[in-house]
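Below is one structure; the comments refer to it alone.
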Amino acid sequence: AVFSYTRLPRTESLTQGIIKPNDGARTITVASIDNADGIVKSALDVIALRIFALSIPSTYQMKHLIKFAIFIILLNASCTKDCNEGLIYKLNEIKAMGDTLPQKAMEQLDSLRPLFKNEPEYLQNRLSLLDIRLRDKAFIKHTSSISIKELCSYFEKEGTVEDIQEAYYYMGSVYRDLNDYPRAITYFLKSAEIAETKKNIDSSLWENAYSQLSYLYKVQFNYTEALNMSLKQLSVAEATGTINERTYANVASCYFKVND
């Protein structure tokens, strides 16, 4: 048999299957990764492997053909996983940037959006959750709960512990901006509860959840609970080495209100 390789246009499909033309040729189309500047792209180039024989392949030839096809498909699956990991790494970079430079991080995220168009639902939802996080960091007020509700529902079923913790936290943030304080408290508490009982969590969100809870109880004149939450925030900050003057100021303010 003679092998020839032909590069085809980009396609959304990972595998096109096995095609058997009338002329007796055997064509197997599989996906490959195309790297540009070290960045794995979500749009995949497709390579067509055409195996031409002068006569109809024997059973022995067909067995080797099938084995080779399976090998290529498994190789492609591995490449797709690497592609996903590359995009997740990029999201995490933007997420870290957003803690100090949210506007710049939002610009970076916008430039990345086209790469996610044909990616799995999980990656698209990770991007959407990061978008909500960055808007919150930039003090852009949330005006609707539709998107975060859908994300919470998805991550409760398909997400990691950290995904769920983050989704609950920003559900609380959205309800806070919508002045629905009871629901905001519910979701900040759920986010904090995950951080208290699970591993692999976001410690900054854990601390911030207690800070938000302290604020929400304070504006509802429940100073005892506000103090309780500020002390929990202080405990987390001490454990993670992130304590600062604002942490002490919040505790002092709550003590003042309780004893007023």
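The analysis underlying the following values was restricted to heavy atoms, covering all of them including side chains, and did not include hydrogens, waters or symmetry mates.
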*Which heavy-atom pair separates Phe155 from Ala167 by the least distance, and what is that distance?*
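Reported closest heavy-atom pair: CD1-CB, 4.3 Å.
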*Of all the heavy-atom pairs spanning Ser144 and Leu178, show the shortest one and how long it is.*
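Here Ser144 and Leu178 meet closest at N-CD2, 4.2 Å.
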*Give a yes or no on whether Arg246 atom CZ has more than 12 heavy-atom contacts from other residues, nucleotides or ligands under 6.0 Å away.*
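No.
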*Take atom CG in Asn200; do more than 12 heavy atoms of anything else shown fall under 6.0 Å from it?*
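For Asn200, atom CG is not crowded (no more than 12 foreign heavy atoms under 6.0 Å).
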*asked:* Checking Glu166 against Lys95 for the salt bridge (Lys or Arg N to Asp or Glu O under 4.0 Å) test, could you report, in this order, the C-alpha distance in whole Å, the side-chain angles of both residues, the deciding distance, and whether it holds?
replied: CA-CA 12 Å; Glu166 188 172 11; Lys95 182 177 179 179; 3.3 Å; yes
So, [X] and [Y]: side-chain donor and acceptor under 3.5 Å apart, yes or no?
| X | Y | answer |
| --- | --- | --- |
| Asp163 | Thr160 | yes |
| Asn250 | Ser253 | no |
| Thr242 | Glu207 | yes |

*Quick one: do Gln233 and Met229 satisfy side chain to side chain contact (heavy atoms under 4.5 Å, CB included)? Show the steps, please.*
CA-CA 6 Å; Gln233 178 195 1; Met229 294 300 145; over 6 Å; no
*asked:* Could you walk me through whether Leu213 and Ile185 satisfy the side chain to side chain contact (heavy atoms under 4.5 Å, CB included) test, starting with their C-alpha distance in whole Å, then the side-chain angles of each, then the deciding distance to 0.1 Å, before giving a yes or no?
replied: CA-CA 6 Å; Leu213 286 163; Ile185 287 172; 3.9 Å; yes
Would you say [X]'s side chain and [Y]'s backbone share a donor-acceptor pair under 3.5 angstrom?
| X | Y | value |
| --- | --- | --- |
| Asn228 | Leu231 | no |
| Ser153 | Glu150 | no |
| Gln165 | Asp202 | yes |
| Gln124 | Glu119 | yes |

*For the atom pair CG (Leu109) and CG (Leu127), what is the distance rounded to the nearest 0.5 Å?*
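Answer for the CG-CG pair, Leu109 versus Leu127, is 4.5 Å.
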*Between Leu205 and Tyr170, does a side chain to side chain contact (heavy atoms under 4.5 Å, CB included) hold up when you go through it step by step?*
CA-CA 10 Å; Leu205 285 185; Tyr170 287 106; 3.9 Å; yes
*Assess the pair Tyr169 and Tyr187: is the distance between their ring centroids shorter than 6.0 Å?*
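No, ring centres 6.0 Å or more apart.
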*List the steps and the verdict of side chain to side chain contact (heavy atoms under 4.5 Å, CB included) for Trp206 and Lys232.*
CA-CA 10 Å; Trp206 186 12; Lys232 287 189 175 184; over 6 Å; no
